[in-house]
Amino acid sequence: MSESKYNHAEVEAKWQEKWNETNLYKQVIDHSKPKHYALTMLPYPSGDLHIGHWYAMSPSDARARFMRMNGYNVLFPMGFDAFGLPAENAAIKHNINPRKWTYANIERMRKQLQSMGTMFDWEREAISCDPKYYKWSQWFFKKLYEHGLAYRKMSAVDFCPSCNTTLAREQVWGDDRHCERCGTPVIKKNLEQWFFKTTKYAEELLDFSQIDWPEPVKVMQKNWIGRSEGAEVVFRTEQGDEIPVFTTRPDTLWGATFMVLSPEHPFVEKVTTPEQATAVAEYQEQAARLTDIDRESEGRPKTGVFTGGYAVNPVNGERIPIWIADYVLMSYGFGAIMAVPAHDERDFEFARKFGLSIVPVILPEEMESIETDEMETAYVGLGKMINSGPLDDTAVTNDKGRQNPSVAAAIDFLEEHDIGQETINYKLRDWLISRQRYWGAPIPMVYCDNCGTVPIPDEELPVLLPEDSEFAPTGESPLKTSPSFYETTCPSCQGKAIRETDTLDGFLCSSWYQYRYLSPDYDEGPFDPTEAAYWLPVDQYTGGIEHATMHLIYTRFFTMAIRDMGLVNFTEPMTALFNQGMVLGPDGEKMSKSRGNVVSPDNLVEQYGADTVRTYLMFFARWEQGGPWNYDGIKGPQRLLFDVWDVARAEYTAVSESPSATRDLRRKTHQTIRKMTQDLESFAFNTAVAAIMEQRNVIKAAQEKQEASVEAMDEAIDSLLLVVAPIAPYITEELWALRGHGYSIHQQSWPSWDEEIAREESITLILQVNGKVRDRMEVPADIADEAAKEAALASENVQSHLNGKTPRKVIYVPGRLVNVVV
RNA sequence: GGGGCGGUGGCGAAAUGGCAGACGCAGCGGACUUAAAAUCCGCCGGAGGAAUACUCCGUGUGGGUUCGACUCCCACCCGCCCUACCA
């Protein structure tokens, strides 16, 4: 049929050049069209693009192209999240300056991204390690500081002894609490660190009413934020120090028979008696040596030491011992608990082990009395309060917080007596943003003996990374090796001062990249307000679900914070989100360099061409599902595109034209347009490709038979090219031109369908008896209810399965089936 | 322990509560070819059956709702991922 085969290398090179020359993908403000800001998560420039990048980006690109053909003015930018650990570790390994290494990678990856045939507007590219970018990351840090959202404090942080750096909570992985990068078990270390007050927005972050995000992401964020309703209760030591605790069960307060402090609790030294000092110090040392896995694994027997000190239970004046134990974490609540062994498993185990007293204060409904000695485990169920003075007999239900009568009564009691109050506690912690690393944006602060902590004035931004610093980790911040960097003068008093030598967490840079894309060269502010007014917020975000609890919380927090500064006028950065699944390695495991199962697309792209690889990636799995990589099926999409090439170039004549053949072809054509529209709208790329294949099959058969009209064939081919264009942009552009249409196919309108033409004339009616298929027959699609039922009862097979019984009920499901019930 | 996602042919998968397996891959048989590749035609969940007649079984397991369940409900098993002594 065709003389020349499709040469993907030639065609792709040709159109890439033409697209560049003609600025086909330049995206500018156009008030005559509705805007659509399509955003896909930007990559780390840590090497080459792997198949996962293609899997994430080419369907996103197809969606953006689809929106453009549907009349939207689409912004679809790309950039590089170029700061942070992955880039730096790789640079260290290759013994080359992180900047040179990063930019070399960016060069390569940008080419690979272009070869993918994406419609990215490269004039909007933003690179987070570029001084003109991080100037504004630093500016935002200052803004957060000025608005009381950034503070510095001494803090025990997760520390990787191998990478020599602190880690964010999110960078500590796995059951054994290991370093995300190198797998080394994490230890604790105390350092002075900068934090952002993410907790201030904990409540608002729980409100998802303004966003159309996948349910799993919302649930994961909700769990991550971890809201608990309860009470803060102030206990007092015998020395008179106040020790507040958080509890979700203030109704068990009368059963608090001892207190437990975290070994790192600041009051430990104060409450410890001289006799116990040695034991306490030893225990603290031992706890500090343990990694969190050892401390936090649930099956591990409880350990702890008595401090010798006592506190007073504020509700009943009981003198209760104060212990320290590593099952109490400094990082949650107040780092101290009231222990109610009768009604908490952990406290029960601890009390039994160390012979501490157990006082039940909840009587289970079905019991007359509850005896401590007979308890084999803590009782966590419902019942009524006992041994609780004025609150005795209050009902205890399973409800949370004030919904529970006993909790409500206890809170009222606390507040009346001024010993505590209702509180909500969150698992969410403030965002630690200090990094003892070279490859990040320097934190723009100086420390002056006279003036204290002073921000760098705006006109002196950016604080540039020094070139003369060591960048390999030494345990100290690398910038401490550069006196020319840290020795400075105080912006306030002009006296000698020292710069902050830590750098910003890369997640800060990626919290606002969607804003920098608007105007990557703009220097009057972080983004051009004119661009922002038109494009923001992001209409459709796409990316992996693995970012559910870090990036996607950070960027929401960031946007809420800058909204409160008046920098933007919306709350949510991304209105809609779609999560694609992950392409796993061929072994079914997550791809990683350490596992050696990373798949490069380069060979495939060379052999099959970008269009085929794109089409295959969209076909090979449900997009939100992903799965283990294999390319066994790539021949399918390859044959599909070869066939498209052949049918679109065929000289077609209708040898024996028949109206019904024409009608059949047109019906399938319009059905395909409808299906493609619905599927691309809903990210169902795999069934979209299947629909193209069906249309291909129909067109091939029609060309064979030569019965459909030339007009119907032209319509079939042209609309096929249009609906395939977002998926396979090169081959369709070439064929569009070969068929004599104007440049470019990607600027055409999405084809519309006619329901009348798409409608089926006849259907296969399924005939069931008692829900089992017994016969089927071709009937007109618009068959009436009665006619369908009659036809069903007339069927021999149906009659034979009725065994002479009288139908009790006959159900007709229009267009589908008749079910005869006996 | 908590949470999320999933379990359908040899494989990837499809299916507003309505014909389970669309669309592909691989495989098998045939055509073309000196041969292979490519291409084309046919078959392709299991069992019985000469059969494109028909029948039975079949979407992790067991129940339930329904005229009808891959789909909804309850209980459980398995796999993957996240989280975890969260007071």
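Lettering follows sequence order; numbering is per chain, from 1. None of the values given here were measured: they were computed from a predicted structure.
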Just checking [X]: base, sugar-phosphate only, or nothing, at a heavy-atom cut-off of under 4.0 Å?
| X | value |
| --- | --- |
| Asn223(A) | sugar-phosphate |
| Phe620(A) | sugar-phosphate |
| Arg774(A) | sugar-phosphate |
| His343(A) | nothing |
| Val813(A) | base |
| Lys222(A) | nothing |

#### Entry: Sequence neighbours excluded, every pair satisfying side chain to side chain donor-acceptor pair (under 3.5 Å) that has a member inside residues 776-791 of chain A
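Sorted pair list: Ser762(A)-Glu778(A), Thr764(A)-Glu778(A), Asp785(A)-Lys789(A).
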### Message
Suppose the criterion is side chain to side chain donor-acceptor pair (under 3.5 Å): which pairs have a residue in residues 676-692 of chain A, not counting sequence neighbours?
### Response
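Every pair satisfying side chain to side chain donor-acceptor pair (under 3.5 Å) with a residue in residues 676-692 of chain A: Lys675(A)-Asp679(A), Thr677(A)-Trp750(A), Asp679(A)-Thr687(A).
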For [X] and [N], what is the distance between atoms [atom1] and [atom2] respectively, to the nearest whole Å?
| X | N | atom1 | atom2 | value |
| --- | --- | --- | --- | --- |
| Lys772(A) | U55(B) | NZ | P | 10 Å |
| His547(A) | C81(B) | NE2 | C1' | 15 Å |
| Lys427(A) | C85(B) | NZ | C1' | 12 Å |
| Gln580(A) | C5(B) | CD | C1' | 15 Å |
| Trp623(A) | A13(B) | CH2 | C1' | 18 Å |
| Leu261(A) | A87(B) | CG | C1' | 13 Å |
| Arg249(A) | A87(B) | CZ | C1' | 11 Å |
| Asn425(A) | A87(B) | CG | P | 8 Å |

### Query
What pattern of brackets, bars and dots sums up RNA chain B from 5' to 3', given Watson-Crick or G-U wobble pairs under 3.5 Å, [ ] for crossing pairs and | for another strand?
(((((((..(((.....[....))).(((((.......))))).((((.....))))..(((((..]....))))))))))))....
### Query
Given Phe578(A) and Phe683(A), is the ring pair (Phe, Tyr, Trp, His ring centres under 6.0 Å) satisfied, shown in steps?
CA-CA 8 Å; Phe578(A) 194 95; Phe683(A) 302 88; 4.2 Å; yes
### Query
Where the side chain of Tyr379(A) meets the backbone of Leu382(A), is there a donor-acceptor pair that is under 3.5 Å apart?
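Yes; at least one donor-acceptor contact below 3.5 Å.
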### Query
Between Gln221(A) (side chain) and Ala548(A) (backbone), is there a donor-acceptor pair under 3.5 Å?
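Side chain of Gln221(A) to backbone of Ala548(A): a pair is present.
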### Task
If the glycosidic angle is within 90 degrees of 0 it's syn, otherwise anti, so just tell me which one G9(B) is.
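For G9(B), whose glycosidic angle is within 90° of 0, the conformation is syn.
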### Task
Just label A53(B) as syn or anti from its O4'-C1'-N9-C4 or O4'-C1'-N1-C2 angle, using within 90° of 0 for syn.
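For A53(B), whose glycosidic angle is within 90° of 0, the conformation is syn.
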Quick one: which of [options] gets closest to the side chain of [X]?
| X | options | value |
| --- | --- | --- |
| Asn819(A) | C85(B), U83(B), G18(B) | G18(B) |
| Gln625(A) | G3(B), C5(B), C85(B) | C5(B) |
| Asn797(A) | C54(B), C86(B), G4(B) | C54(B) |

Side-chain donor-acceptor pairs of residues 623-634 of chain A under 3.5 Å, sequence neighbours excluded:
| unit_1 | atom_1 | unit_2 | atom_2 | d |
| --- | --- | --- | --- | --- |
| Trp623(A) | NE1 | Tyr55(A) | O | 2.9 |
| Asn630(A) | OD1 | Asp632(A) | N | 3.1 |

### Query
Checking side chain to side chain contact (heavy atoms under 4.5 Å, CB included) against Val769(A), which of Gln799(A), Arg774(A), Lys805(A) comes through?
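Answer after filtering Gln799(A), Arg774(A), Lys805(A): Arg774(A).
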Using atom [atom1] in both nucleotides, what's the gap between [N] and [M] to the nearest angstrom?
| N | M | atom1 | answer |
| --- | --- | --- | --- |
| C19(B) | A69(B) | P | 11 Å |
| U59(B) | G42(B) | C1' | 28 Å |
| C43(B) | G7(B) | C1' | 29 Å |
| A22(B) | G9(B) | C1' | 14 Å |
| U8(B) | U71(B) | P | 14 Å |
| C57(B) | C70(B) | P | 13 Å |

On the nucleotide [N], are OP1 or OP2 found under 4.0 Å from the side-chain N or O atoms that [X] carries?
| X | N | answer |
| --- | --- | --- |
| Arg622(A) | A13(B) | no |
| Lys700(A) | C41(B) | no |
| Arg227(A) | C86(B) | no |
| Thr549(A) | U83(B) | no |

### Query
For residues Ser795(A) and Asn797(A), is any side-chain donor paired with an opposing acceptor at under 3.5 Å?
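Distance-only check fails for Ser795(A) and Asn797(A).
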### Query
So does Arg346(A) pair up with Glu349(A), basic N to acidic O under 4.0 Å?
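So Arg346(A) does not pair with Glu349(A) through a salt bridge.
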#### Entry: Note: Glu229(A)-Arg402(A) ion pair, threshold 4.0 Å (strictly below)
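No, this pair does not count.
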#### Entry: Evaluation steps, ring pair (Phe, Tyr, Trp, His ring centres under 6.0 Å), between Phe685(A) and Phe619(A)
CA-CA 6 Å; Phe685(A) 300 102; Phe619(A) 185 58; over 10 Å; no
#### Entry: Residue whose nearest RNA chain B nucleotide is more 5′ - Phe642(A) or Phe334(A)
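It is Phe642(A) whose nearest nucleotide is closer to the 5' end.
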### Most 5' of His801(A) and Asn770(A) on RNA chain B, judged by nearest nucleotide
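Nearer the 5' end of the strand: His801(A).
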#### Entry: Residue Lys353(A) excluded, over 12 heavy atoms near NZ under 6.0 Å
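Enclosed.
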### Glu796(A) CD: over 12 foreign heavy atoms closer than 6.0 Å
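12 or below, so no.
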What's touching nucleotides 19-25 of chain B from the protein side, N or O pairs under 3.5 Å?
| unit_1 | atom_1 | unit_2 | atom_2 | d |
| --- | --- | --- | --- | --- |
| C19(B) | O2 | Arg776(A) | NH1 | 2.7 |
| A22(B) | O2' | Glu694(A) | OE2 | 3.3 |
| G24(B) | OP1 | Arg696(A) | NH2 | 2.9 |
| G24(B) | OP1 | Asn697(A) | OD1 | 3.3 |
| G24(B) | OP1 | Asn697(A) | ND2 | 2.7 |
| C25(B) | OP1 | Arg639(A) | NH1 | 2.3 |
| C25(B) | O2' | Asp632(A) | O | 2.9 |

### Query
Between Tyr554(A) and Phe507(A), is the gap from one ring center to the other below 6.0 Å?
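Aromatic pair counts; centres sit under 6.0 Å.
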Mind listing the N/O atom pairs, protein and nucleotides 42-47 of chain B, below 3.5 Å?
none

